[in-house]
There are 2 protein chains.
Amino acid sequence: MRNLIDVQRKLLPDLLNIMQKRYEILQHIRLMQPIGRRTLSTNLGISERVLRSEVQFLKEQNLLDITPTGMSLTAEGSDVLKQLEDMMREVLGLKELEKKIKNRLQLRDVIVVAGDSDQSPWVKKEMGRACVARIKELLEGNTIVAVTGGTTLAAVAEMMTPDSKYRDVLFVPARGGLGEDVKNQANTICARMAEKAMGRYRLLHVPDQLSHETYQSIIEEPAIKEVLDLIKASSIVIHGIGDAKTMAERRKTAPEEMEKIEKNRAVAEAFGYYFDQEGKVVHKVNTVGIQLEDVQKVKHVIAVAGGASKAKAIKAYMKQAHHSVLITDEGAAKELIRD
Amino acid sequence: MRNLIDVQRKLLPDLLNIMQKRYEILQHIRLMQPIGRRTLSTNLGISERVLRSEVQFLKEQNLLDITPTGMSLTAEGSDVLKQLEDMMREVLGLKELEKKIKNRLQLRDVIVVAGDSDQSPWVKKEMGRACVARIKELLEGNTIVAVTGGTTLAAVAEMMTPDSKYRDVLFVPARGGLGEDVKNQANTICARMAEKAMGRYRLLHVPDQLSHETYQSIIEEPAIKEVLDLIKASSIVIHGIGDAKTMAERRKTAPEEMEKIEKNRAVAEAFGYYFDQEGKVVHKVNTVGIQLEDVQKVKHVIAVAGGASKAKAIKAYMKQAHHSVLITDEGAAKELIRD
DNA sequence: CACATTTGGACTTTATTTGTCCCGCTGTGA
DNA sequence: TCACAGCGGGACAAATAAAGTCCAAATGTG
């Protein structure tokens, strides 16, 4: 059955919404029957008119009776509802997860896709697609989109599709070099995403490790400065979240910094910042680009991260990012609400 | 899985149609890839514009690639299609049955509902609902609807629902007494149906067994004659089909008539007419009302009959009723296409 | 008997789908 | 190399469906 639902989720994504809506209507009617339209509509939080259409439909399907006293389920309606209950648990699993996480972590919005990216790599792509869909909702006119690096963001870039909306969109890397592999660098991903979107992009060519003097002079270079200004002006930021240890190891982190990270019990990493489990910054990679205080001023911040193994990191980072949207997967989501 | 599909058939009947549409699109693309919109749309028999919307959707779901050479499935699309194939066989079962029967029996239209009314009595109600839905499609202005008797027609009456469309509809019994039980008589059912529909009705009060003289004089009675004229003017006829033997036994058929029926190998009964397996009339109950030759001139004739045991009768009757619409159930349908 | 609910009809407004036409691109065969 | 057929996709009008709004008739309840 899980199979069928998954296929349907692909083939008719809004089917689930409609199914859920009708399910809730039946559920409420069973609970409060006989009940009138007005009472029910306020109870369900949907407009009376749409409830009316739905109810009319359900009546035609012989699932409910409609009398001057109010509406109530027919025997058939009870049967259907009973069967529905089982399957809705599966169908709705993800939506419920989203709600729970949104409440528990106090986030602006949460999107959970099926699967666990620790186990099945294609789940990252699903998160990517969800992210792309979300971005498209946010676009208006000449938006600047800042992106970071990481394998998850690479998946987002891979799932990007061209759209006329992107005509005036500019992609920029959020921060300079953080010591990553080329294929996971913000620059690379930024370019890839822009190409896929058929949009424009600018890159930030700043070497990884710099002395203080060189650093000061390089950020005064007009070409660099221009890009940095664009980054600060971005209205959408898309970033990944990493496990602190993994990220520190993946980057060529100096031993003394490594020690600092470990000593302060950093668990999460994002933007080159390391966070402990309370969401406090305990270390920061020194590079140009957007800073954490800038991020908090950006209109739309989207964090993309999944896999059960990343749950701790996500939880820690999100403690100081309540105005972000989180896109994650079932694996991480289940861990997030475990305790 | 069958469970889920059944519930969905109830809860979102048109979503399954969309699912089918998308399934067929994917199927055709796999077969003919790479293929262009225009070619594909003529092939599928849908307008190019709606195909375009569908294709765009499928592209967004990452199920197909779209290139200047044409459209082709992605790996994901192939997977989904593969999984779909299994479940569509179940989803589409009834539709395929409908098509096959329509072609094989050369009928105007066929509707098949799930189940077998021999085994589960509620299936008759399903046929009833399907019939009612069909009737509503046909109504226009002040229509006259003629109905016969029988348990199936009783179910149709039971499933009738009021509608503003019925304001100018008049229900009449198709033929006079045929020797049935009161609750299965055309008169009873006609009245019941009209009540449920909140429509008007006229009845035909003619005793069962009449001498020739009385018969001649009674049909000249103004009150009777008026109803008979209405019956002949009806534009919709709804009737059941019975097994000849069963019907003959149920009615108080005289022994010599019984013999005639058996001798001529009657298998089907409808309207008080008995048919052999070639669809030839072999006997006829003598009563007033619509006659077989009148039926053939009526605009819309709907035959409602289900249950595996009735398949033979349905087949026989339908041999001479090609312009009818048949509403039946899965049980009968499977028998109908067996050989 | 009056009141508070109920459903359901009717009409307007808004959103979505579909039809229609056309443009620019690309691979193919002359 | 060039022309052409077939491709996708943009743009806008027309048709259709959904939702908002208001009101009338009916019915159970105090």
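So you know, we letter chains A, B, ... as the sequences are listed, proteins then strands, and number each from 1.
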| Salt bridge flag under 4.0 Å for residues A:D79 and A:K82 | no

Please evaluate residues B:R49 and B:S53 with respect to the criterion side chain to side chain donor-acceptor pair (under 3.5 Å), reporting the C-alpha separation (whole Å), side-chain torsions for both, the decisive distance (0.1 Å), and the verdict. CA-CA 6 Å; B:R49 192 59 179 80; B:S53 316; 3.2 Å; yes

OH (A:Y201) and CD1 (A:I189) are apart, to the nearest 0.5 Å, by 14.0 Å

Would you indicate what B:S53 reaches in the nucleic acid, counting non-hydrogen atoms under 4.0 angstrom: base, sugar-phosphate, or nothing? nothing

_Closer than 4.0 angstrom, basic N to acidic O: yes or no for B:R37 and B:E54?_
no

| Carboxylate-amine/guanidinium contact B:R129 B:E126, below 4.0 Å | yes

Practice prompt. Look at A:E195 together with A:R192 and state whether they make a salt bridge at an N to O cut-off of under 4.0 Å.
Written response: yes

- Task: Just call it for A:I35: base, sugar-phosphate, or nothing, with non-hydrogen atoms closer than 4.0 Å on any strand.
- Result: sugar-phosphate

Bounded by its outermost nucleotides with an atom under 4.0 Å from a heavy atom of chain A, the footprint on DNA chain D reads D:dA19 to D:dT27

So CD1 of B:I29 and CD1 of B:I66: to nearest 0.5 Å the spacing works out to 8.0 Å

Sorted by position of nearest nucleotide on DNA chain D, 5' first, the leading residue of B:P68 and B:R52 is B:P68

Check this for me: does any side-chain nitrogen of one of B:R30 and B:E85 sit under 4.0 Å from a carboxylate oxygen of the other? yes

Closest to the 5' end of DNA chain C, once A:M71 and A:R49 are matched to their nearest nucleotides, is A:M71

Contacted region of DNA chain C by chain B, from 5' end to 3' end of the hits, cut-off under 4.0 Å to heavy atoms, spans C:dT18 to C:dT26

